[in-house]
Amino acid sequence: HEWFQAAIAAEPGAPERQRYLIRDGRGPSGELPPNNWRSLFGGEGWSRLKRPDGTPEQWYLHLFDVHQPDLDWDSDLVKEGFDDILRHWLDLGVDGFRVDVAHSLVKADGLPDAEEHTKQGNFNLGPMWDQDGVHDVYRRWRKVLEEYDGDRVLVAEAWIPDPERLARYVRADEMHQAFNFDFLSSAWDAASYRRVITKTMAANAAVGAPTTWVLSNHDVVRHATRLAREDTSDTEGIAATDPQPDAALGIRRARAATLMMLALPGSAYLYQGEELGLPEHTTVPDDLRQDPIWFRSERDQVGRDGCRIPMPWIGDAPGAGFSPTGRTWLPQPDSYASLAADRQIGVPGSTWSMYHDALRLRRELGLGEGELTWVEADEHVVAFDNGEVRVLVNVAGAPVPLPDGEVLLASTELSGELPTDAAVWLRLR
């Protein structure tokens, strides 16, 4: 990037370097990184710059890949530069921005050493995450968006374990929505879902923002596979040498989880391919992996390639119809042929048809703008009403009788009862 090229061409202390977290090293000759921060992709979080003659000098921070240097959000050059960037795209007519790792822009004052890498479930903790100063950035961005007519939206990708702290990102003068990763990371457990749904809806309601729901994305194991793992909240990639999930169990639970999600008030986000029920590719050959996590972890963590496999469009075409040449940047598993779009679109009972019907009903019945009321049910059943729709999700429990009502949609065939790992939408009589 021209900013970074200008920074490394300049001398230490020059204005061009103020855009980045470029610091002197520790030790007698600056040979040690400025602090002990690690890259989330593995390895040191700092890389040392060199002069054209090879002489080592200052260090730059990259919490992710070495090609992704962290900006310094105390710099007016960065703040003003991003005002221009936002306006550039808004002038071209974009509707808004999804902000990657939205909780990591601002770092703790003084860049203090972190305790050894700490996590809470799937959430990272430390002095580089969820610092209060990040909210000043988004208030500034919101003002830029409000200069434009029409609805323009800011969406936060922020992995924060506390719903109340996540809700701070969607206060009235900041972002409009934030992905609900507490919901995505929930175990396949009815009590866990009830807790997550209740807590996140309450936290967002307190700031007047809608709750969002999401089950898969480009950073986690697809839920059609994740929900068949022994630990159903584990989002890390799967290697061929790892225990292989039960595909039939995974898709059964994934379909049920999807109907639960799409019946909830708020906004729902879908990841490409989940409408086909695509599983994770769990046997990607190591020599074909692309994710920098694989390389920076010295081939210890397989990374995210398994959820980023190219879409299958035509089951019997080369590359499943993804490209004219049949080439794909990552290999598709054999299972994708039968799941291709041409094998599912318009086919009754297919996962694509279930998504299509669910989205149609969600719109027609106003479920996204509805209200949730919990319903008493067996401990292993997530049960709630949203408007005229009763939703029942049997989470890993024994079959339960269906109440008297019209079945609007189900994740599987029904015969008077709701089977294990299944969901149904009903209009009660």
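What you see is a predicted model; the values in this text were computed from it and never measured. Positions are given from 1, in the same order as the sequence printed here.
The aromatic ring centroids of Phe295 and Phe41 lie 6.0 Å or more from each other. Taking the ring centroids of His62 and Tyr60, they lie under the 6.0 Å cut-off. The ring of Tyr20 has its center no closer than 6.0 angstrom to the ring center of Trp59. In this structure, Trp141 has its ring center closer than 6.0 angstrom to the ring center of Tyr138. Side-chain rings of Trp73 and Phe82 approach one another, their centers coming within less than 6.0 Å.
Side-chain contact check for Gln301 versus Trp294: every heavy-atom pair is 4.5 Å or farther apart. Side chains of Glu369 and Pro265 form no contact here, defined as non-hydrogen atoms less than 4.5 Å apart. Here the side chains of Val155 and Met175 are not in contact, with every heavy-atom distance at 4.5 Å or above. Side-chain atoms of Arg23 and Leu111, non-hydrogen and from C-beta on, do get closer than 4.5 Å to each other. Taking the side chain as every heavy atom from C-beta outward, Ile238 and Pro245 approach each other to under 4.5 Å. Within the 4.5 Å cutoff, side-chain heavy atoms of Asp83 are placed close to those of Arg140. A heavy-atom distance below 4.5 Å is found between the side chains of Tyr169 and His103.
Taking 4.0 Å as the cut-off between side-chain N and carboxylate O, Asp72 and Lys107 do not count as a salt-bridged pair. Salt-bridge annotation for Asp84 and Lys79: absent, with no side-chain N of the basic residue lying under 4.0 Å from a carboxylate O of the acidic one. Of the charged side-chain nitrogens involved, none lies within less than 4.0 Å of a carboxylate oxygen, so that Arg299 and Asp286 do not count as a salt-bridged pair.
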Start with the C-alpha distance between Asp173 and Arg171, add both sets of side-chain angles, then the distance that settles salt bridge (Lys or Arg N to Asp or Glu O under 4.0 Å), and finish with yes or no.
CA-CA 6 Å; Asp173 61 345; Arg171 290 176 289 194; 5.2 Å; no
If you apply the rule ring-ring contact (aromatic ring centres under 6.0 Å, His included), what do you find for Phe123 with Phe181, and how did you get there?
CA-CA 9 Å; Phe123 304 92; Phe181 292 128; 7.5 Å; no
Full working for side-chain contact (heavy atoms from CB on, under 4.5 Å) between Leu278 and Arg222:
CA-CA 8 Å; Leu278 295 186; Arg222 288 178 175 272; 4.0 Å; yes
Check against salt bridge (Lys or Arg N to Asp or Glu O under 4.0 Å), Arg194 and Asp189
CA-CA 9 Å; Arg194 285 191 291 266; Asp189 174 78; over 6 Å; no
Evaluate the criterion salt bridge (Lys or Arg N to Asp or Glu O under 4.0 Å) for residue pair Arg139 and Glu174; output intermediate values, then yes/no.
CA-CA 5 Å; Arg139 290 189 184 98; Glu174 294 190 41; 3.3 Å; yes
Going through the distances and angles, do Gln177 and Thr212 end up as a side chain to side chain donor-acceptor pair (under 3.5 Å)?
CA-CA 7 Å; Gln177 295 186 356; Thr212 69; 5.7 Å; no
Might you work through the side-chain contact (heavy atoms from CB on, under 4.5 Å) test for Leu408 and Val389, ending with a clear yes or no?
CA-CA 9 Å; Leu408 299 173; Val389 178; 4.0 Å; yes
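Using a 3.5 Å distance cut-off with no hydrogens or angles, the side chains of Ser29 and Glu31 do pair a donor with an acceptor. Side-chain atoms of Thr200 and Asn180 include a donor-acceptor pair closer than 3.5 Å.
Using a distance-only test at 3.5 Å, with no hydrogens or angles considered, a donor-acceptor pair links the side chain of Thr225 to the main chain of Glu280. Side chain of Ser353 to main chain of Gly349: no donor-acceptor pair is present (N/O by atom type, distance under 3.5 Å, no hydrogens or angles). Checking side-chain atoms of Gln131 against main-chain N and O of Trp129 turns up a donor-acceptor pair under 3.5 Å. Side-chain atoms of Arg51 never come within 3.5 Å of backbone atoms of Pro56 as a donor-acceptor pair (strictly under, hydrogens ignored). No donor-acceptor distance shorter than 3.5 angstrom exists from the side chain of Asp70 to the backbone of Leu21, with no hydrogens or angles considered. With hydrogens and angles ignored, the 3.5 Å screen pairs a side-chain donor or acceptor of Arg226 with a backbone N or O of Leu215.
The two residues Ser39 and Phe64 have their closest heavy-atom pair at OG-O, 2.8 Å. When every heavy atom of Leu227 is checked against every heavy atom of Arg253, the shortest pair comes out as O-NH1, 2.8 Å. Taking all atoms of both residues into account, the shortest heavy-atom contact from Arg362 to Leu262 is NH1-O, 2.7 Å.
The 12-atom threshold is not exceeded at CD of Glu298, counting heavy atoms of other residues, nucleotides or ligands nearer than 6.0 Å.
Using cut-offs of 30° and 60° on the angle between ring planes, the pair Tyr271 and His218 is tilted.
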